[in-house]
2 protein chains.
Amino acid sequence: MRVMVGGTFDPLHAGHRKLLTRSFQVAGQDGLVTIGITTDEFAGSKIHPVRPFEERRRDVEEFIRENDFAAGWMIEPLSDRYGSALEADFDALVVSEETFPVAVEINELRRNRGRKKVDIHEISCVLAEDGRRISSTRIYRGEIDSCGQLVR
Amino acid sequence: MRVMVGGTFDPLHAGHRKLLTRSFQVAGQDGLVTIGITTDEFAGSKIHPVRPFEERRRDVEEFIRENDFAAGWMIEPLSDRYGSALEADFDALVVSEETFPVAVEINELRRNRGRKKVDIHEISCVLAEDGRRISSTRIYRGEIDSCGQLVR
């Protein structure tokens, strides 16, 4: 399958690793995964500082190479929430529980443009050691590390 | 991945064929697909007549064999909306847009039982020739055939 996934990926935590791994699993052997990474300008609206695009891209690429996934892949800079997902011909969006509503919005916008709707694969969230969700904000606050372990 | 999917599958129409095909694609080569088929008693609450379980099962099995999917599979009779999905150790539920809320409910019930939540893969609906959704009810009413063509 042709799969699209997106994020800021800073830092690349256990939730992102699951999101990317699932994207490649859903895409399958002959599939293609397009990974949207937010541009510095677009990511600048976050409530915490974000590392430069090239560093974030390098971490995503390293993770993919280390895992030796079967499907092909490409990186796309995202300067808004949709990127090329409104127009591209693909099969499924892979999202987290938080970004599921964006996928529903993408499907509505696609339908308005006469494009076919795509499947939505929502991954179940990855929990930190304390049973709460892993998020970049929590990591930046120094509560947890990128594997979800509490920082003591 | 280990995937679960369910339905009444009567008659086995283009929407069901996409649901099953996607389940096998998401499961991947080394995966396992558990296909829940409603029992006659549970399916009896539908607003249209339903063929016996064994006939519906035979059609699902024939479709799977014809397609030569890579993943393993098994059939489970479903006597309620959940079957073994509340307790089983698996990775993803594959659902249609109509049954997405059941998947969310299953995840809530799993969490209450101390089980991990699973991914939810929602397939985009298959449209009939008239641009409206394919459904068993429409086929029983004689509006469309199982491929979604209008019956004239």
Side-chain angles (χ1 to χ4, degrees), chain A residues 1-5 14-15 18-33 69-71 85 89-112 114-127 131-134 148, chain B residues 1-5 14-15 18-33 69-71 85 89-104 106-112 114-128 131-134 148:
Chain A
M1 273 195 262
R2 291 153 304 172
V3 167
M4 298 192 87
V5 61
K18 180 170 182 184
L19 191 73
L20 291 169
T21 301
R22 280 295 203 250
S23 299
F24 280 92
Q25 287 175 326
V26 170
Q29 276 205 303
D30 308 317
L32 175 68
V33 180
F69 296 118
D89 186 20
F90 69 109
D91 303 300
L93 275 163
V94 178
V95 293
S96 65
E97 291 180 38
E98 294 97 323
T99 55
F100 182 81
V102 179
V104 172
E105 205 184 329
I106 286 172
N107 262 342
E108 276 163 20
L109 292 166
R110 286 179 66 88
R111 194 173 47 186
N112 295 344
R115 302 262 165 208
K116 75 174 174 61
K117 291 168 79 175
V118 296
D119 291 10
I120 304 175
H121 186 100
E122 180 196 87
I123 68 161
S124 59
C125 58
V126 178
L127 301 180
R132 291 171 50 213
R133 201 166 289 185
I134 294 181
Chain B
M1 274 194 262
R2 290 153 303 173
V3 167
M4 297 191 87
V5 60
K18 179 169 181 185
L19 190 73
L20 292 169
T21 301
R22 280 295 203 249
S23 299
F24 280 92
Q25 286 175 326
V26 170
Q29 276 204 303
D30 309 317
L32 175 68
V33 180
F69 296 118
D89 186 20
F90 69 108
D91 304 300
L93 275 164
V94 177
V95 293
S96 64
E97 291 180 38
E98 293 97 324
T99 55
F100 182 81
V102 179
V104 172
I106 286 173
N107 262 342
E108 277 164 20
L109 292 166
R110 285 179 67 88
R111 194 172 47 186
N112 294 344
R115 303 261 164 208
K116 75 173 173 62
K117 290 168 78 176
V118 295
D119 291 10
I120 304 176
H121 186 100
E122 181 195 86
I123 68 162
S124 59
C125 58
V126 178
L127 300 180
R132 291 171 51 213
R133 200 165 291 183
I134 294 181

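Chain naming here is simple, since letters A, B, ... match the order of the sequence lines and numbering starts at 1 in each.
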Self-check item: salt bridge (Lys or Arg N to Asp or Glu O under 4.0 Å) partners for A:D89, two or more places apart
Solution: A:R2
Quiz prompt | Spacing of NZ belonging to A:K116 relative to OG belonging to B:S124, to within rounding of 0.5 Å | solution = 6.0 Å
Self-check item: chain B contact residues among residues 18-32 of chain A, heavy-atom distance under 4.5 Å
Solution: A:K18, A:R22, A:Q25, A:V26, A:Q29
Quiz item: Using a heavy-atom distance cut-off of less than 4.5 Å, which residues of residues 100-112 of chain A contact chain B?
Solution: A:F100
Quiz item: Sequence neighbours excluded, which residues qualify as side chain to side chain donor-acceptor pair (under 3.5 Å) partners of A:R115?
Solution: A:E87
Self-check item: Distance, nearest 0.5 Å, that separates CG of A:D119 from OG of B:S96
Solution: 11.0 Å
